[in-house]
2 protein chains.
Amino acid sequence: MKKRNTIQKQIILDSIKNTKSHPDVNELLKIVKEKDSTIGKSSIYRNLNSMIEDGSVKLILTNSNSKRYDGNTSNHNHFVCNKCNKVIDIMKEETIDKKLEKEYNFIIQEKNTTYFGICDNCILKKNI
Amino acid sequence: MKKRNTIQKQIILDSIKNTKSHPDVNELLKIVKEKDSTIGKSSIYRNLNSMIEDGSVKLILTNSNSKRYDGNTSNHNHFVCNKCNKVIDIMKEETIDKKLEKEYNFIIQEKNTTYFGICDNCILKKNI
DNA sequence: CCCCTTATTGAGAATGTTTCTCAATAATAT
DNA sequence: ATATTATTGAGAAACATTCTCAATAAGGGG
């Protein structure tokens, strides 16, 4: 007997999968509570963490002090507004250049690529 | 009369510029306190924020709950360990591929690119 | 079906990070 | 030197996230 299916998990996963707004925990809680107002914030944190663990949800890193989540796990990039922290999907095939900047009406100030994985030290320590 | 030069600013900027460890605020505070033990945490936050504002320091986004800072503002990418959150510089010219993975002894699990800038809405609202 | 076990939940406490407040200090222009 | 006022350090306040725990409910075995 391992993981159990609960209504809470279903609603949370369903909610994050069906929004394009890349919500943080408070915003997601609001969406979730519309479907079941009894669901608590702890369950959002708990379940998002395990969904990130198993890869069914992605973490988006912005400049704000709260984490944002993306239910779209397909390989794509993001544009983050330096003023309002809004996150917008940039599909992988698109090439960011002057043309794209014009198309979206953004001002692109910086491109930031980060590789995530396991470092040499953690591999040695079998910290995997 | 606008910005003033202070010993605190000098020590903080000097400290972040002279470490490759991509410290968070607590780690940077420790380094700073070795040079002047009277400098307080508020000054670290205050000055880092303004240094980010004017571009003399960069923010690094990891999976942990605290922000990390990089005094190296040259165009380069990062590798972040998913276990210990250590951040390692990846120079721009290098191409991430199997060869590189072997060279560094990493396991690369994900590549994440984010474009930062000003979104259409904020441009309209002249929120710049 | 109905137990039994135990994973999961919601509420709130605890912890951690970042910002805010304010009197004291010190950097600059005069 | 003095006056003005940006900056400071300490702690309070505001958030974000994790932890704790009694109550609930999922799902396997009878």
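None of the values given here were measured: they were computed from a predicted structure. Here is how names work: the chains are called A, B, and so on, in the same order as the sequence lines, proteins then strands, and each is numbered from 1.
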Legend entry - Overall bend - the helix from C/dC1-D/dG30 to C/dT30-D/dA1, comparing terminal axes fitted on five pairs, nearest 10 degrees: 40°
Legend entry - Nearest-angstrom distance from the residue atom CG of B/N63 to C1' of D/dT18: 16 Å
Inset, instruction - Please report, rounded to the nearest Å, how far the P atom of C/dT18 is from the CD atom of B/E53. - result: 17 Å
Inset, instruction - Would you tell me whether B/N82 and B/N63 have side-chain atoms, one donor and one acceptor, within less than 3.5 Å of each other? - result: yes
Inset, instruction - Whole angstrom is fine here: how far is it from CG in B/L48 over to C1' in D/dT8? - result: 15 Å
Inset, instruction - Please determine, for the side chain of A/N26, which listed nucleotide (D/dA16, D/dT8, C/dT8) has the closest atom? - result: D/dA16
Show each protein N/O and nucleotides 19-22 of chain C N/O combination with a separation under 3.5 Å, one pair to a line.
| unit_1 | atom_1 | unit_2 | atom_2 | d |
| --- | --- | --- | --- | --- |
| C/dT19 | OP2 | B/N49 | ND2 | 3.0 |

Inset, instruction - Check the side chains of B/D70 and B/H76 for a donor-acceptor pair under 3.5 angstrom, ignoring hydrogens and angles. - result: yes
Legend entry - Salt-bridge contact A/K3-A/D54 (side-chain N to carboxylate O under 4.0 Å): no
Inset, instruction - Scan side-chain atoms only and decide if A/T113 and B/K111 contain a donor-acceptor pair under the 3.5 Å cut-off. - result: no
Inset, instruction - Choose from D/dG27, C/dT28, C/dG10 the nucleotide whose nearest atom is closest to any side-chain atom of B/N5. - result: C/dT28
Inset, instruction - Could you tell me the separation between the CG atom of B/L29 and the C1' atom of D/dG9, rounded to a whole number of Å? - result: 11 Å
Legend entry - Whole-Å distance separating the CG atom of A/D36 from the P atom of D/dT24: 16 Å
Inset, instruction - Nearest whole angstrom, please: distance from the P of D/dG27 to the CD of A/Q10. - result: 9 Å
Legend entry - Residues B/N26 and B/K41: side-chain donor-acceptor under 3.5 angstrom: yes
Inset, instruction - Using only heavy-atom distances, determine whether the side chains of A/H22 and A/N72 contain a donor-acceptor pair under 3.5 Å. - result: no
Inset, instruction - Using distance alone, with no hydrogens and no angle criterion, decide if B/K83 and A/N121 have a side-chain donor and acceptor under 3.5 Å apart. - result: no
Legend entry - Separation of atom NZ in A/K3 from atom C1' in C/dT9, rounded to whole Å: 15 Å
Inset, instruction - Verify the contact: side-chain N or O of B/Q8 to OP1 or OP2 of D/dT7, cut-off strictly under 4.0 Å; return yes or no. - result: no
Inset, instruction - Could you check whether the rings of B/F79 and B/F106 sit parallel, tilted or perpendicular, using 30° and 60° as the cut-offs? - result: parallel
Legend entry - Side chain of A/R4 (C-beta onward), nearest among C/dT8, C/dA27, C/dG10: C/dT8
Inset, instruction - Figure out the CD1/C1' separation between A/I7 and C/dA7, and round it to whole Å. - result: 15 Å
Legend entry - Nearest to side-chain heavy atoms of A/S43, which nucleotide of D/dT8, C/dG10, D/dT7: C/dG10
Inset, instruction - Please check if atom NZ in B/K35 has more than 12 non-hydrogen atoms from other residues, nucleotides or ligands closer than 6.0 Å. - result: yes
Inset, instruction - Could you say whether B/D24 or B/T6 is positioned toward the 5' end of DNA chain C, judged by the nucleotide with the nearest heavy atom to each? - result: B/D24
